[in-house]
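Some notes on the structure that comes next.
Not measured: the values here are computed from a predicted model. A, B, ... follow the sequence lines: proteins, then strands. Residue 1 opens every chain.
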Amino acid sequence: MAFDDFTLDAHGLPAASTADTGTPRRRARPWLVRHAREIAVLLLLLLLLSPFLWLVQLAFRPAADIFEDRLLFVPTLEGFASLLQGNFLKSFGNSLLVSTLSTGLSLLIGVPAAYALTRWDFKGRRHVALWILVTRMAPPIAFTIPFFLAWQYLGLQDTVIGLAIVYLTFNLAIVIWLMQTFFEAVPASLEEAAWIDGCGVWQGFWRIALPLTAPGLAATAVLCFIFSWNDFFYALILTRTNAITAPVAIVNFLQYEGWEWTKIAASGTLVMLPVVGFTVLVRKYLVRGLTAGGLKD
Amino acid sequence: MASITLRKLHKTFDGTPIIRGVDIDIRDGEFVALVGPSGCGKSTLLRLIAGLETPDQGEISLGRHRIDDVAPRDRDVAMVFQNYALYPHMTVADNLGFGLKLRGTPRADIDRRVREAADILGLGELLQRHPRALSGGQRQRVAMGRAIVRQPQAFLFDEPLSNLDAKLRVQMRTEIRALHQRLATTTVYVTHDQVEAMTMADRIVVLKDGKVEQQGAPLELYDRPRNAFVAGFIGSPAMNLIPGRLQRDERGGGSHVLTDDGLRLPAPLLAGNAATHGTRVLYGTRPEHFSLDAARGSSAEVIVVEPTGSETHVALRLAGQQVIAAFRERVSLRPGDRVPLWPQAAQAHLFDAAGGHRLG
């Protein structure tokens, strides 16, 4: 009660002071109108997050009342526990391995390539940069048969490294194109200063250009990771038993005997976790500009 | 420290010649300014010395060694960039010590030399800051500190003061000059500001379209410009150049210039073979070499009066052309006034109107 009085007083004060300064007095607007913007944001957020929230709550529901309408239920970890028994953990590990491997390799090859394309003005540079994009120009299904046959011939089918290489070919285009714009944002005079200070081309890249593009590098890594992590199509086509990734494993819960909704929801929730975690981890790099201050603005 | 020699340098970008046969000898410990209008090739010349560009033809030597095939990092020169080019992700101390670190200098030596340089430039308090937390003048000092810490054979400055405000620019001008007197390191300084060149350099090289127009001590260029371009470029306000025809007097060997509007301007003494009667010339006179002479002066109309405090610049219309006169004494003139303007013959310059070269 005392708290209510206090807030009323606090609301009363500004109204009095505006009257003193001679500005026209405005009648206190109803609470709903004053907070309309916040309410709209909340509703929109709820709408956008609804598939996500629905999935998460499904994961914690007891298998028996999975299709109950009631919002209240006793949460259980049964769904997650049941995942421990099957092959899901192995698939989850495969996903982690494939995504990390393809992200790492894409950066290892793509970042120096992007640097060279930005700084080295050779003949036909534009053509090279454009043709790198070609793997992104057609729908993934267009490359299925070549990949399938080649991987069969090379013995890469149903292997983690095979899948990682497939994702690498797609991720390289992302890495090279994104990193080119980040490298272009680094003033060339910084590297020239480094060369005169005693750096070779490689040291200039490693000690100057790369640290300054760290935020861009983080963003690029996240995108590569998410692409590899979420891919279903190639994982379905190119794996059988050994290298099955999490998205394919989830689909395998849709069986002839029935659809295991709790497992699907629980595994779906688990699959989201690394991506959310990864993004939160590099979030500060995604927004911070490192190049501020080096040059006269 | 070492001398720098440029021999028959040529450089072309995308088919456009930027440097067209430049020869310059810079003595050990000398402060040389390269000046010229935008696009004259002065920055390219500096980048050629630094090794950031490779010459198409010609030789560059530092001391006794030819360096035009040597990588920038092995040339042992230091460069201060127009935009400072400080490494944004390093502290001031790391910026200063970066070159030494790359050369494997022991940590203790790096610290000592960084501290020495910081003391010279007054950066002691700022060593742990990042460039983004510094003012423009402080960044400029760090950029210079990065150069002096390495104790290189030569300093290269690429318009280092053009991003500073006017007051700071004058202050830094003095500081750079004092630094040069203290370290006596060979210095090449590129600027488009001829006042900077005049005040700082031992010697000025004036460039235009990739060629050397004239090189010499600042006052030599001011007093005896070799052609109309240098005459117009060195000095502020610029020299007045009035077109006319040379008239040799019948008696006494004297001469004057008859402008197209029929005005007679007194010409300096010319050797007999310097130019013939009737040659089209440019009559050059510096603003401070005009005087108000009621007896001999020609009537000129005042257009604009600009008092600077120490002197007064007046734009006038003389012989159908706008000229600038500078008076040390305070003059009370107003636009529209007519004054008797008289150029001092002994201080006048004559240039061939066609080729621009100096006569006499």
Side-chain angles (χ1 to χ4, degrees), chain A residues 111 115-116 118-127 179 181-221 282 284-297, chain B residues 13-14 46-47 49-53 71-90 92 94-105 129-140 142-143 146-147 149-150 152 154-156 158 160-164:
Chain A
V111 173
Y115 184 68
T118 316
R119 291 292 192 244
W120 181 27
D121 198 8
F122 59 92
K123 221 175 183 176
R125 181 176 71 163
R126 303 240 157 257
H127 294 287
M179 287 312 289
T181 56
F182 290 120
F183 282 129
E184 270 162 21
V186 176
S189 61
L190 289 181
E191 285 145 63
E192 291 175 347
W195 297 341
I196 294 175
D197 257 351
C199 284
V201 171
W202 177 250
Q203 272 178 315
F205 164 74
W206 189 249
R207 288 171 182 267
I208 306 297
L210 205 57
L212 290 176
T213 48
L217 199 65
T220 309
V282 299
K284 71 168 184 172
Y285 290 109
L286 295 180
V287 292
R288 198 172 62 178
L290 253 177
T291 49
L295 306 177
K296 160 92 182 171
D297 327 283
Chain B
F13 286 112
D14 299 328
L46 199 72
R47 292 170 63 84
I49 301 173
L52 299 175
E53 307 288 352
R73 64 166 167 181
D74 298 322
R75 290 196 179 192
D76 201 12
V77 298
M79 183 154 163
V80 177
F81 288 78
Q82 181 171 11
N83 57 15
Y84 317 143
L86 303 181
Y87 312 124
H89 55 306
M90 299 184 195
V92 169
D94 290 340
N95 262 284
L96 294 178
F98 187 61
L100 297 176
K101 191 171 146 194
L102 288 170
R103 285 173 171 75
T105 313
R129 290 214 200 155
H130 279 86
R132 60 178 168 274
L134 301 179
S135 70
Q138 289 167 337
R139 289 177 196 179
Q140 171 64 55
V142 176
R146 195 168 59 182
V149 148
R150 279 183 33 214
F155 291 140
L156 309 175
D158 189 7
L161 305 184
S162 55
N163 280 333
L164 299 178

query = Under a 4.5 Å heavy-atom cut-off, does chain A meet the side chain of B:Ala78, its backbone, both or neither?
reply = backbone
message = I need the B:His89 NE2 to A:Leu210 CG distance, nearest 0.5 Å.
response = 9.5 Å
ask   = Given a strict heavy-atom distance threshold of 4.5 Å, which part of A:Gln203 is in contact with chain B: side chain, backbone, both, or neither?
value = side chain
task = Using only heavy-atom distances, determine whether the side chains of B:Tyr84 and B:Asn95 contain a donor-acceptor pair under 3.5 Å.
result = no
inquiry  = Between B:Gln140, B:His130, B:Arg146, B:Lys101, who has the most heavy-atom pairs with chain A when the cutoff is under 4.5 Å?
reply    = B:Arg146
query = Should the pair A:Phe183 and A:Phe205 be assigned to parallel (<30°), tilted (30 to 60°) or perpendicular (>60°) ring geometry?
reply = tilted
query = If every non-hydrogen atom of B:Tyr87 is compared with every non-hydrogen atom of A:Leu190, which pair is closest and at what distance?
reply = CE2-O, 3.5 Å
message = If I measure from the heavy atoms of chain A, does B:Arg75 come under 4.5 Å with its side chain, its backbone, both, or neither?
response = neither
